[in-house]
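Heads up, the thing below is written out as structure tokens.
Protein chains get the first letters and strands the later ones, always in sequence-line order, with residue 1 at the start of each. The structure displayed is predicted, hence computed values, not measured ones.
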Amino acid sequence: MGMMDYKEKVYSLVKQIPKGKVTTYGAIAKKLSMSPRTVGYALHVNPYEGKVPCHRVVNRDGRIAPSFAFGGSEIQKELLEKEGVKFRDEMHVEKDNIITI
DNA sequence: CCGTTGACCAGGC
DNA sequence: GGCCTGGCCAACG
């Protein structure tokens, strides 16, 4: 494993989120000592569709991404529901799905 | 070198 | 829960 820039650190952490659970940008940011915005940016430009489960990251309120990079929030919702994540409404997961990792 | 943008957050009300 | 504010910071033009 060579040098990891900040984005790769984010991706390797996201890969550890178990199926059926989600975590927050802030939790990842805190663990990597970076700003939550930077985590959001890294996922926005994530080049590893299918390799990094970026659909398992939500904001502090449990809200999914309004402009999820791979097909919009509807796709993110589908991916999560397929894994058993329950939703409170169209844009929010039930908070008991959120883990801190 | 700015000014702006954005998959954010903490805290207050 | 919602709405604001101030803070945050990489990237882009």
Side-chain angles (χ1 to χ4, degrees):
Chain A
M1 296 283 285
M3 43 167 22
M4 281 174 61
D5 70 7
Y6 78 93
K7 290 177 196 169
E8 295 175 73
K9 290 180 185 174
V10 172
Y11 303 148
S12 69
L13 205 49
V14 169
K15 282 195 272 191
Q16 297 178 32
I17 308 171
K19 192 185 298 185
K21 292 291 178 185
V22 300
T23 192
T24 67
Y25 302 94
I28 295 168
K30 186 175 181 183
K31 182 147 228 177
L32 296 179
S33 299
M34 58 177 70
S35 83
R37 279 202 183 281
T38 301
V39 174
Y41 179 76
L43 293 183
H44 178 65
V45 299
N46 163 33
Y48 307 110
E49 181 176 17
K51 286 275 291 181
V52 176
C54 51
H55 59 286
R56 296 183 191 140
V57 184
V58 299
N59 83 351
R60 69 168 174 179
D61 300 320
R63 192 194 66 184
I64 58 177
S67 55
F68 184 66
F70 304 116
S73 56
E74 306 82 3
I75 298 299
Q76 184 176 11
K77 185 168 183 283
E78 285 179 20
L79 291 171
L80 287 174
E81 287 184 320
K82 191 160 33 177
E83 298 180 352
V85 174
K86 299 300 182 186
F87 276 69
R88 173 168 73 69
D89 61 39
E90 282 300 302
M91 291 298 291
H92 298 79
V93 302
E94 294 286 351
K95 291 200 172 173
D96 54 16
N97 292 297
I98 303 176
I99 63 175
T100 50
I101 235 177

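- Cluster membership for Ile17(A) and Phe87(A), using ILVMFWY side-chain heavy atoms within less than 4.5 angstrom, is not shared.
- Look at the C1' atom in both dG7(C) and dG6(B): the space between them is 14 Å, to the nearest Å.
- Rounded to an integer number of Å, the gap from CG of Asn46(A) to C1' of dA10(C) is 16 Å.
- If you chain together hydrophobic residues whose side chains sit under 4.5 Å apart, Leu13(A) and Tyr25(A) fall into the same group.
- With distances taken from any side-chain atom of Ala65(A) to the nucleotides dA10(C), dA7(B), dC9(C), the minimum falls on dA7(B).
- Connection of Val39(A) to Ile101(A) is established within a shared hydrophobic cluster, with ILVMFWY side chains joined at heavy-atom distances below 4.5 Å, either directly or through further cluster members.
- Taken to the nearest 0.5 Å, the OG1 atom of Thr38(A) stands 12.0 Å off from the NZ atom of Lys9(A).
- Rounding to whole angstrom units, CG of residue Asn59(A) and P of dG2(C) are separated by 10 Å.
- For Lys77(A), no side-chain nitrogen or oxygen approaches OP1 or OP2 of dA7(B) to under 4.0 Å.
- The interatomic distance linking Asp61(A) (CG) with dA7(B) (C1') rounds to 14 Å, in whole Å.
- Tyr11(A) has its side chain within reach of Asn46(A): a pair of non-hydrogen atoms, C-beta onward, lies under 4.5 Å apart.
- Among the heavy atoms of the strands lying under 4.0 Å from Ala69(A) is at least one base atom, whether or not backbone atoms are also near.
- Looking at heavy atoms from C-beta onward, Arg56(A) lies out of side-chain contact with Val14(A) at the 4.5 angstrom threshold.
- Side chain Tyr25(A) to base dA7(B): a donor-acceptor pair is found below 3.5 Å.
- A chain of hydrophobic side-chain contacts below 4.5 Å, direct or via other Ile, Leu, Val, Met, Phe, Trp or Tyr residues, connects Leu43(A) to Tyr48(A).
- Look at OH on Tyr6(A): it is 13 Å from P on dC9(C), rounded to the nearest Å.
- Between Phe70(A) and Phe68(A), the ring planes are perpendicular. Angles over 60° get that label, and only those under 30° would be called parallel.
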Using the 3.5 Å cut-off, write out each protein N or O paired with an N or O of nucleotides 11-13 of chain B and the distance between them.
from	atom 1	to	atom 2	distance (Å)
dG11(B)	O6	Arg60(A)	NH2	3.0

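- Proximity of Thr38(A) to the phosphate of dA10(C): no side-chain N or O atom is located under 4.0 Å from OP1 or OP2.
- Annotation: of the two residues near DNA chain C, Tyr41(A) and Pro36(A), the 5′-most nearest-nucleotide partner is Pro36(A).
- Residues Glu83(A) and Leu80(A) meet the side-chain proximity criterion, which asks for heavy atoms closer than 4.5 Å.
- Taking atom CD of residue Glu74(A) and atom C1' of nucleotide dA7(B), one finds them 14 Å apart after rounding to whole Å.
- Here Met91(A) contributes atom CE and Asp61(A) contributes atom CG; the two are 11.0 Å apart, rounded to the nearest 0.5 Å.
- Between Leu79(A) and Gln76(A) the shortest side-chain heavy-atom distance does not fall below 4.5 Å.
- Nucleotide dA7(B) holds its C1' atom 11 Å from the CD1 atom of Ile28(A), rounded to whole Å.
- Taking atom CZ of residue Arg63(A) and atom C1' of nucleotide dG2(C), one finds them 12 Å apart after rounding to whole Å.
- In DNA chain C, runs of at least 3 stacked Watson-Crick or G-U pairs (N1-N3 plus N6-O4 or O6-N4, or N1-O2 plus O6-N3, all under 3.5 Å) give these stems: B:2-6 with C:9-13, B:8-13 with C:2-7.
- Among the atoms of the strands shown, none is found under 4.0 Å from any heavy atom of Lys30(A).
- Residues of residues 84-101 of chain A that place a heavy atom closer than 4.0 Å to DNA chain C, in numerical order, are Arg88(A), Lys95(A).
- Side-chain contact check for Val93(A) versus Ile64(A): some heavy-atom pair is nearer than 4.5 Å.
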